[in-house]
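Below, each value reflects all heavy atoms present in this structure, side chains not excepted, and no hydrogens, waters or symmetry copies.
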Amino acid sequence: MPLAKNRAPSTDDRSNRICTMAKLQAIRGMNDILPAQSPTWQYLETCFARVVQSFGYREIRFPILEQTQLFKRSIGEVTDIVEKEMYSFDDRNGDSLTLRPEGTAGCVRAADQHGLLYNQQQRLWYQGPMFRHERPQKGRYRQFHQFGIEAFGMAGPDIDAEIIQLAAILWRELDLTDFVVLEINNIGSAEDRRHYGQALRKFLESKSEQLDDDARKRLVSNPMRVLDSKNPAVQAALSDAPLLADFVSADSQAQVRQLQRLLKAAGISYRENPRLVRGLDYYNNCVFEWTTESLGAQGAVCGGGRYDGLVAQLGGKPTLAAGFAIGVERLVLMLDSLQKVPDSSCQRIDVYVLVVGNNLAGQGLQLSQKIRDYYPQLGVICHCGGGKYNNQLKRAFNSGAGLAVILEREGDAETPLAEVKIRSLDDAGVSTTVAIGDSIEKVGEFLGISAS
Ligand code: HAM
C-alpha cells in the first residue's frame with residue numbers, strides 16, 4: 001500500500017514491506033539435510049570412518065575450491081564433467097576457480113604438494129561435498145557428497161583387491177550386501193587405449209551420419225568419450241563397435257586376472273562388464289563400479305579403479321595409485337528405503353527438565369548439567385523460554401523423553417528450591433517428590449540405570 005505523503009513510515013509499514021518479500025529458496029539440486037534425516041547421515045559417516053580406519057586409512061581434508069586447471073588436467077578436457085558440469089568462475093583476481101566435482105584430483109594435489117607421495121605408501125580417505133551441474137533427479141544432485149579412499153605407491157593387484165574388499169566390508173556393516181553388485185573391467189594401459197581410440201575413431205567415422213554433434217566432436221578429440229553418450233542413436237551406432245578388451249595388453253590382462261583370483265579368494269563375487277569405461281580419463285587397468293537396482297536410473301553407488309598416470313600428469317613424480325568414491329546420497333536413499341538404519345542411531349532425549357516459575361532458570365540449567373555429567377549416556381533438555389506447567393509438560397511429551405524433572409514454585413522467591421518432582425512420561429505418570437540432593441540418584445532409579 002503506498003504511504004500517505006509526509007507521514008513517517010510506521011513499524012507496521014516496515015514489517016509489511018518485509019513480509020511481502022519473496023522467500024529465498026535453495027539452489028536446484030542442492031539439498032538441505034534436515035534433523036530428521038541426520039541420523040542416517042551420522043550412522044553412515046560413523047560406519048565409513050570405522051571401516052576405513054580399521055584398514056589403516058588416514059583422513060585427509062582439502063579445499064572445496066581449486067584451480068580449474070586441476071580438474072581439466074586430471075578428469076580430462078573432453079569429458080562430460082569438464083565440458084558440461086563444472087561450477088567454474090573467475091575470482092576477484094581473475095583466476096579461474098572450480099568447485100570440486102570429485103575428490104581424487106584435490107587429494108592428489110594436496111598429497112603431492114605436501115610431500116606425502118614420493119617413494120611412500122599412503123592410504124588416505126576423505127569425505128565431503130562435490131558439485132556437478134547435472135540435471136537433478138532422484139539420486140542425482142548438483143551438490144552431492146562422496147566418501148572416498150585413495151591408496152598411493154602400491155602396484156597391485158593386491159591393493160586393488162584391498163580397496164574392493166573395503167567396500168564389500170562397508171556393505172556388510174550396513175547390511176547392504178544383498179542389494180549391490182560389483183562390476184569390473186580392464187581398460188588397459190594408456191598405450192592400449194591410444195590404440196583402441198584409433199580403431200574406434202576409424203569405426204565411428206564410417207557411422208558419422210548416426211552421430212550427434214557432441215559425438216562428432218569427441219570422435220576427433222577423445223573417441224573413447226563417445227562411449228559415454230546418453231543419446232540412444234549414438235548408442236545404437238556403437239553396438240558393433242570394436243571392444244576395448246581386444247586391445248588390452250597381455251601384462252594388463254595378467255594383472256586383472258590375478259585381481260579376479262584375489263577377489264574369489266576373498267569371497268567377493270563380481271560381474272565382468274566389458275562396456276564399463278568410467279567417465280573420467282585418468283584410469284588404467286582395473287576399473288570397477290558397485291551398482292544397485294534399488295535406486296532406479298541412478299544405480300551406481302561406488303566407482304573407482306587404478307590411476308597410475310595421474311600424479312605425474314599433475315606434475316608429480318610417477319606414482320602408482322588406486323581408489324574409489326561412494327555417493328553418500330545414494331546410500332542414504334538405499335538405507336532409508338530398505339529401513340536399514342538402526343533405531344539406536346537416532347538421537348534420543350531421555351529427560352526433560354521443566355522450569356515453572358520465576359528465578360529458577362539458573363537452578364534448572366545447573367541440575368540439567370548435573371544429570372548429563374552423572375549419566376553421559378542420557379540426552380537432557382532443560383526447558384527454556386518460560387511458560388505454564390501444562391505447556392512445558394506438553395513439550396516434554398513431544399520431545400520423546402521418558403522422564404520429567406520438575407522445578408516449580410509460585411511467587412518471586414530467589415532462594416534455590418529444596419525439592420523437585422520427578423515424573424515418568426508414560427501412561428502411568430508415576431511421580432515422586434525428592435530433596436534436590438537426592439534427585440540425581442532418583443533419575444537413575446526411574447530410568448533403571450546407574451552412572452557410567
Ligand atoms: P564417480 O563415478 O564420478 O567417480 O563418482 C563416484 C560416485 O559418486 C558415483 O558412483 C555416485 O554414487 C556418486 N555421484 C556421482 N555424481 C553424482 C551426482 N550428481 N549426484 C549424486 N551422486 C553422484 C569419482 O568421482 C572418482 N573420483 C572416484 C575415484 C576415487 N576413483 C579413484 N579414486
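- Residues passing the salt bridge (Lys or Arg N to Asp or Glu O under 4.0 Å) test with D427, sequence neighbours excluded: none.
- The shortest side-chain heavy-atom distance between E45 and Q127 falls under the 4.5 Å cut-off.
- The shortest distance between side-chain heavy atoms of Y43 and L335 falls below 4.5 Å.
- Under a cut-off of 6.0 angstrom, the local environment of CD in Q67 is sparse, with at most 12 non-hydrogen atoms contributed by other residues, nucleotides or ligands.
- Qualifying salt bridge (Lys or Arg N to Asp or Glu O under 4.0 Å) partners for E205, counting only residues two or more places apart in sequence or in other chains: none.
- Annotation: salt bridge (charged side-chain N to carboxylate O under 4.0 Å, His left out) contacts involving residues 144-153, sequence neighbours excluded, are absent.
- In this structure, the ring of W125 has its center less than 6.0 angstrom from the ring center of F48.
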Can you check side chain to side chain contact (heavy atoms under 4.5 Å, CB included) on L314 and D112, steps first, answer last?
-> CA-CA 9 Å; L314 291 176; D112 191 45; over 6 Å; no
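- With a 6.0 Å radius and a threshold of 12 heavy atoms from other residues, nucleotides or ligands, R201 has its CZ atom above the threshold.
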Anything under 3.5 Å between a donor and an acceptor, one on a side chain of residues 22-30, the other on a protein residue two or more places apart or in another chain? List them.
none

Give the C-alpha distance, both sets of side-chain angles, the deciding distance and a yes or no for side-chain hydrogen bond (donor to acceptor under 3.5 Å, both in side chains) between N285 and S252.
-> CA-CA 6 Å; N285 290 354; S252 179; 2.6 Å; yes
For side chain to side chain contact (heavy atoms under 4.5 Å, CB included), just list the numbers for L425 and L403, CA-CA rounded to whole Å, side-chain angles, deciding distance to a tenth of an Å, and then say yes or no.
-> CA-CA 5 Å; L425 291 172; L403 198 67; 5.7 Å; no
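- Atom CZ of R261 has more than 12 neighbouring heavy atoms from other residues, nucleotides or ligands inside a 6.0 Å radius.
- At least one side-chain heavy atom of C47 sits under 4.5 Å from a side-chain heavy atom of L174.
- Looking at heavy atoms from C-beta onward, L166 lies in side-chain contact with I149 at the 4.5 angstrom threshold.
- Legend: ring-ring contact (aromatic ring centres under 6.0 Å, His included) pairs involving residues 200-244, not counting sequence neighbours: none detected.
- Sorted by first and then second residue, the side-chain hydrogen bond (donor to acceptor under 3.5 Å, both in side chains) pairs involving residues 30-41 (not counting sequence neighbours) are T40-D336.
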Which atom pairs, one a donor and one an acceptor, fall under 3.5 Å between side chains of residues 263-270 and the rest of the protein, sequence neighbours left out?
from : atom 1 : to   : atom 2 : distance (Å)
K264 : NZ     : Y270 : OH     : 3.4

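- Residues Q122 and R58 are in side-chain contact: their nearest non-hydrogen atoms beyond the backbone lie under 4.5 Å apart.
- The salt bridge (Lys or Arg N to Asp or Glu O under 4.0 Å) check on D350 picks up R348, with sequence neighbours excluded.
- For the side-chain hydrogen bond (donor to acceptor under 3.5 Å, both in side chains) condition, the pairs that include at least one residue of residues 152-177, sequence neighbours left out, are R50-E173, Y57-E162, R123-E162, D160-R306, D175-K340.
- Look at R100 and E102 and you find no salt bridge, because none of the NZ, NE, NH1 or NH2 atoms lies under 4.0 Å from a carboxylate O.
- Every pair passing ring-ring contact (aromatic ring centres under 6.0 Å, His included) that includes a residue from residues 208-256 is listed here, sequence neighbours excluded: Y196-F247.
- Within a 6.0 Å radius of CG in D91, other residues, nucleotides and ligands contribute more than 12 heavy atoms.
- With salt bridges taken as basic N to acidic carboxylate O contacts below 4.0 Å, one links R109 and E66.
- The salt bridge (charged side-chain N to carboxylate O under 4.0 Å, His left out) pairs that include a residue from residues 215-237 are D80-R218, D80-K230, E83-K217, E83-R218, D213-R216, R225-D228, R225-D281, where partners are two or more places apart or lie in different chains.
- Annotation: side chain of Q146 is not in contact with side chain of I326 (no heavy-atom distance under 4.5 Å).
- Looking only at side-chain heavy atoms (C-beta outward), F147 and V52 stay at 4.5 Å or farther from each other.
- Side chains of V181 and R271 form a contact here, defined as non-hydrogen atoms less than 4.5 Å apart.
- The environment of CG in N231 is crowded: more than 12 heavy-atom neighbours from other residues, nucleotides or ligands sit within 6.0 Å.
- Partners of D178 under the salt bridge (Lys or Arg N to Asp or Glu O under 4.0 Å) rule, at least two apart in sequence or in another chain, do not exist in this structure.
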